[in-house]
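We're numbering straight along the sequence, starting at 1.
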Amino acid sequence: MSTDTDLSLSSYDEGQGSKFIRKTKETPFVPIGMAGFAAIVAYGLYKLKNRGNTKMSIHLIHMRVAAQGFVVGALTLGMGYSMYKEFWAKPKP
């Protein structure tokens with residue numbers, strides 16, 4: 001029983017940087033999705049000045065849809081990658 005407690009307490013000893021690196025190795029597409037989301041938002045803010053005669057609300061809706069689409073696509077690819085690693089790439093016993 002003490003090994004379960006020791007195992008759960010070891011996660012509290014982990015620093016922020018090492019935890020982020022471990023999580024990135026476990027699910028590599030989540031940080032890619034977050035970076036893509038940030039890039040699309042930055043691009044949308046940059047293009048906000050030169051949107052022409054497009055209404056502000058339409059411009060914001062398009063940027064939101066693009067950012068959410070990128071994140072959903074990255075998460076879908078991540079799930080496919082995880083399923084591949086777990087079910088097809090495992091060495092057979």
Side-chain angles (χ1 to χ4, degrees):
M1 182 136 192
S2 65
T3 59
D4 292 336
T5 315
D6 294 339
L7 185 61
S8 65
L9 291 178
S10 66
S11 65
Y12 289 111
D13 296 337
E14 191 174 32
Q16 289 290 334
S18 60
K19 183 176 182 178
F20 179 74
I21 291 171
R22 180 179 55 84
K23 290 286 189 179
T24 301
K25 288 179 182 177
E26 289 174 5
T27 53
F29 286 94
V30 172
I32 293 170
M34 291 168 48
F37 178 81
I40 290 173
V41 168
Y43 176 76
L45 289 174
Y46 174 73
K47 285 294 186 177
L48 192 60
K49 288 183 190 176
N50 304 325
R51 67 181 190 275
N53 60 358
T54 306
K55 287 185 178 181
M56 171 77 87
S57 61
I58 299 298
H59 176 74
L60 293 176
I61 289 171
H62 288 171
M63 289 298 108
R64 179 182 61 86
V65 168
Q68 285 178 335
F70 190 89
V71 170
V72 168
L75 290 175
T76 303
L77 286 174
M79 287 296 296
Y81 177 72
S82 295
M83 288 174 58
Y84 172 76
K85 277 188 356 186
E86 188 170 332
F87 296 114
W88 289 289
K90 270 188 174 179
K92 296 184 179 180

Linked, directly or transitively: L48 and Y43 (ILVMFWY side chains, under 4.5 Å): no
Smallest separation among heavy atoms of A74 and G33, with atom names: CB-CA, 3.6 Å
Crowded around K25 NZ? As in, over 12 foreign heavy atoms under 6.0 Å? no
Results of side-chain contact (heavy atoms from CB on, under 4.5 Å) for V72 - residues two or more places apart only: T76
W88-M79 co-clustered via ILVMFWY side chain contacts under 4.5 Å: no
Identify all side-chain donor-acceptor contacts of residues 53-71 below 3.5 Å with residues at least two apart in sequence or on another chain.
from, atom 1, to, atom 2, distance (Å)
T54, OG1, R51, O, 3.2
H59, NE2, G44, O, 3.2
R64, NH1, Q68, OE1, 3.1

